[in-house]
Amino acid sequence: MNMLVLFWWMMACSRPPDVLVVVMDTVRADHLSAYGYERDTSPFLSEFSENGVIFADTTSPGSWTWPAHASLFTGLYPWEHGARLSDDGKQLTRVLTANSMRTDVPTLAEQLSAKGYRTVSVSTNHLLSEDLGLTRGFGSSQVFSEDGQTVKAVLSEIDADDDRPLFLFVNLMGAHIPWKVRDAPWTEGLSQKLAQPTGWLERYVTKGQVNLYANDGGASANGVELITAGRIQPSQKEWALLNALYDGEILEVDRQLGRIVRRFQGATENALIAVTSDHGEFVGEQGWAGHCFRVYPELLAVPLVVVGDDLPKGRVVQSPVQMHWLYDLVLHEAGIGKGGELMNAIKGEPTSPVMAKAWTSSRASRLLKGPFQQDWALYREKDEVFVQGSLGGQGYYRIDSDPGLSQDLSQRFPERVEILRRATEGLFEETVTTAGVEASEETVEQLRALGYVQ
């Protein structure tokens with residue numbers, strides 16, 4: 001090997017990988033064909049996962065955008081980074097009050113920027129607007145109202161003439177309510193049904209799309225809240241229709257994901273690509289709709305697929321992991337720190353217990369009542385799950401035989417409940433109380449379109 005070739009070979013080896021992280025917002029793992037779902041909702045993700053590592057059992061630490069993204073960007077749990085629902089916080093939207101993410105912890109974007117990366121965030125979720133603080137550290141932060149606009153901007157960023165390694169974060173919002181009728185084998189005839197909706201559904205169909213976050217004729221509650229409170233009870237056929245819409249939107253997100261990943265792979269010789277979600281969605285389970293406030297698998301079980309030159313190909317990791325552990329793996333692949341818990345899982349080594357938390361709000365407590373009147377924390381060791389409420393509710397489950405956490409075994413196994421209760425003492429205490437966060441008027445208007453603002 002002559003000296004010139006050796007020089008360029010050494011330069012190529014020393015350059016850190018270009019990094020792409022895509023969050024498929026509101027996509028639950030069990031509605032993806034890549035995770036065994038009966039409908040072919042994720043053909044691209046299924047193919048893509050064959051080239052890397054698919055984590056079969058991934059839990060988000062939070063059940064909605066705000067805490068989950070803050071965890072992804074900091075590597076911390078919501079009770080550590082501070083970004084959560086809080087009635088003591090300032091107004092985030094006209095429905096939700098929340099506290100901000102801590103400013104004294106380094107974000108993923110800040111660390112990669114210091115490493116020489118060009119850092120770019122492109123999102124369809126306006127909770128990732130720059131003025132709200134979650135995207136601290138990104139050199140560029142863009143937010144759009146449609147996934148199509150977001151993807152166009154993403155492709156432009158990939159094609160940009162810049163010699164620096166790229167960290168590109170993307171949020172695709174298509175699976176979040178409102179839902180449109182997408183081209184899929186299971187959506188045939190849905191456009192006609194939505195053209196002349198009947199019953200309660202008529203109030204939530206506008207221009208061929210279903211928006212359950214719309215208010216009911218000016219009432220104080222939106223459709224999701226009325227369904228979850230039991231004041232609207234969709235029939236099995238209506239739940240089937242909603243599931244078909246949701247699955248069609250997931251398929252469309254998968255198509256957009258394919259466009260992004262293929263362009264990214266074609267633009268670099270050394271890529272680290274991760275695909276995940278921030279949270280899932282209730283679509284009829286327990287008779288509920290939407291997300292937030294609870295710690296059930298429908299909300300917390302999310303996909304996670306990572307492909308990189310240094311990672312195994314075709315590996316399925318069965319051990320339980322957490323979505324925000326991706327933080328340490330990305331830094332490790334960029335030459336910063338160790339691989340953390342995900343690398344341990346890939347190697348088959350032990351990992352930490354799985355934890356998550358969901359906070360209630362005065363609005364949820366007033367409108368939904370019952371289990372929505374308290375905060376909930378989830379603690380999991382292997383297949384044992386312990387759930388505890390802030391007002392004394394609790395449950396013990398075996399997720400291997402009961403993946404939906406529908407059979408509370410606490411009365412049968414009181415000794416195990418006590419052991420797990422003691423193990424959680426002090427774990428979910430907040431390490432810092434952050435200040436409230438406020439949205440600009442422009443951001444509020446965009447959040448209204450997503451149903452966050454009434």
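The residues of the chain are indexed from 1 along the displayed sequence.
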Take atom CD in Q149; do more than 12 heavy atoms of anything else shown fall under 6.0 Å from it? yes
Ionic contact status for K180 with E252, cut-off 4.0 Å: no
Between T124 and T150, do the side chains contain a donor N or O and an acceptor N or O under 3.5 Å apart? yes
Any chance you could lay out the salt bridge (charged side-chain N to carboxylate O under 4.0 Å, His left out) test for R380 and D57, step after step, and finish with the verdict? CA-CA 12 Å; R380 176 181 173 187; D57 190 348; 2.7 Å; yes
Tell me whether Q236 at atom CD has more than 12 heavy atoms from other residues, nucleotides or ligands lying less than 6.0 Å away. no
Strictly by modelled atom types, are Q322 and S60 linked by a side-chain donor-acceptor pair under 3.5 Å? no
Give a yes or no on this: more than 12 heavy atoms of other residues, nucleotides or ligands lie within 6.0 Å of atom CD of E418. yes
Would you confirm whether T135, through its side chain, and S141, through its main-chain N or O, come within 3.5 Å as a donor-acceptor pair? no
Whether the S33 and S42 side chains hold a donor-acceptor pair (N or O, under 3.5 Å, no angle test) is what I'd like checked. yes
Does a donor on one side chain sit under 3.5 Å from an acceptor on the other, for R262 and Q265? no
Ring centroid separation Y77 to H324 under 6.0 Å: yes
Basic-acidic side-chain contact under 4.0 Å: E285, R28: yes
If I compare all heavy atoms of T26 with all of Y246, which pair ends up nearest, and what's the gap? O-OH, 2.7 Å
Minimal heavy-atom distance between L391 and Q373, with the atoms involved, is CD1-O, 3.5 Å
Which one of D278, I250, N171, L32 satisfies the side-chain contact (heavy atoms from CB on, under 4.5 Å) criterion with M24? L32
Compare all side-chain heavy atoms of L172 with those of V151 and state whether any distance is below 4.5 angstrom. yes
Considering only heavy atoms from C-beta outward, does the side chain of V224 approach that of I177 to under 4.5 Å? yes
Can you check salt bridge (charged side-chain N to carboxylate O under 4.0 Å, His left out) on E225 and R363, steps first, answer last? CA-CA 10 Å; E225 292 165 336; R363 179 183 177 87; 2.8 Å; yes
Flag the pair L20 / V275 as yes when at least one side-chain heavy-atom distance between them is below 4.5 Å, and no otherwise. no
When you look at E384 and R416, which way does the salt bridge (charged side-chain N to carboxylate O under 4.0 Å, His left out) test go after all the steps? CA-CA 9 Å; E384 291 184 294; R416 288 303 303 162; 2.7 Å; yes
Any side-chain donor near an acceptor of the partner, Q233 and W200, under 3.5 Å: no
Return the minimal non-hydrogen interatomic distance between L257 and L45, and the atom names on each side. CD2-CD1, 4.2 Å
Side chain W79, main chain L427, donor-acceptor under 3.5 Å: yes
Taking the six-membered ring for Trp, are H291 and F282 closer than 6.0 Å centroid to centroid? no
Measuring from atom OG of S191 to atom CD of Q209, what distance do you get when rounded to the nearest 0.5 angstrom? 12.0 Å
Answer yes or no: is there a side-chain heavy-atom contact under 4.5 Å between L132 and L127? yes
Treating T107 as the side-chain partner and R136 as the backbone partner, does any N or O pair qualify as donor plus acceptor under 3.5 Å? yes
Which atom names give the shortest non-hydrogen contact between T187 and A244, and what distance separates them? CG2-O, 3.8 Å
Answer yes if the side chains of Q394 and Y396 hold a donor-acceptor pair under 3.5 Å, and no otherwise. no
Test item: side-chain donor near acceptor, N125 and S123, under 3.5 Å: no
I want to check something: taking the side chain as every heavy atom from C-beta on, are M101 and T74 in contact at a cut-off of under 4.5 Å? yes
How long is the straight-line distance from CD1 of I260 back to CZ of R255, given to the nearest 0.5 Å? 14.5 Å
Could you tell me whether R422 and E425 make a salt bridge, using a distance below 4.0 angstrom between a side-chain N and a carboxylate O? no
Report the distance from atom CG of D247 to atom CH2 of W179, rounding to the nearest 0.5 Å. 9.0 Å
Is a donor on one side and an acceptor on the other found under 3.5 Å between the side chain of D147 and the backbone of M173? yes
CZ (R263) and OG (S156) are apart, to the nearest 0.5 Å, by 9.5 Å
So, does S390 use its side chain to make a donor-acceptor pair with the main chain of D375 at under 3.5 Å? yes
Before you tell me yes or no, could you show the steps for L242 and V210 under side chain to side chain contact (heavy atoms under 4.5 Å, CB included), namely the whole-Å CA-CA distance, both residues' side-chain angles and the distance that decides it to 0.1 Å? CA-CA 8 Å; L242 295 174; V210 176; 4.1 Å; yes
Ring centres of Y213 and H176 under 6.0 Å apart? yes
Any side-chain to backbone donor/acceptor pair from N243 onto W239? Under 3.5 Å, distance only. yes
Rounded to the nearest 0.5 Å, how far apart are CD1 of I419 and CZ of R421? 11.0 Å
Work out which heavy atom in V321 is nearest to a heavy atom in A345; give both atom names and the distance. CG1-CB, 3.7 Å
Decide whether Q196 and E202 meet the rule of one side-chain donor and one side-chain acceptor closer than 3.5 Å. no
So how far is it from L226 CG to L212 CG, rounded to the nearest 0.5 Å? 10.0 Å
Do you know the tightest heavy-atom contact between N99 and W66? O-NE1, 2.9 Å
Kindly indicate, with the supporting measurements, whether the criterion ring-ring contact (aromatic ring centres under 6.0 Å, His included) is fulfilled by F372 and W288. CA-CA 12 Å; F372 296 91; W288 297 337; 5.0 Å; yes
Taking 4.0 angstrom as the limit, do E80 and R102 come out as a salt bridge? no
Do R294's NZ or CZ and the ring of W376 fall within the cation-pi criteria of under 6.0 Å and 45°? yes
When you compare the side chain of V385 with that of L378, does any pair of heavy atoms fall below 4.5 Å? yes
H279 backbone acceptor or donor facing S277 side chain under 3.5 Å: yes
Ring centres of F138 and F167 under 6.0 Å apart? yes
Check whether the side chains of N222 and Y204 place a donor and an acceptor atom closer than 3.5 Å, and report yes or no. no
Between L85 and T360, is any pair of side-chain heavy atoms under 4.5 Å apart? no
Side-chain contact test, heavy atoms from C-beta onward, threshold under 4.5 Å: evaluate it for E157 versus Q142 and give yes or no. yes
Does the gap between the ring centers of W64 and F293 come in under 6.0 Å? no
Quick one: does any side-chain atom of R315 pair with a main-chain N or O of I346 as donor and acceptor, under 3.5 Å? yes
Answer yes if the side chains of H81 and S71 hold a donor-acceptor pair under 3.5 Å, and no otherwise. yes
Below 4.0 angstrom, N of the basic side chain to O of the carboxylate: do D254 and R182 qualify? no
Judged by atom type as modelled, is there a donor-acceptor pair below 3.5 Å linking the side chain of N344 to the main-chain atoms of E349? no
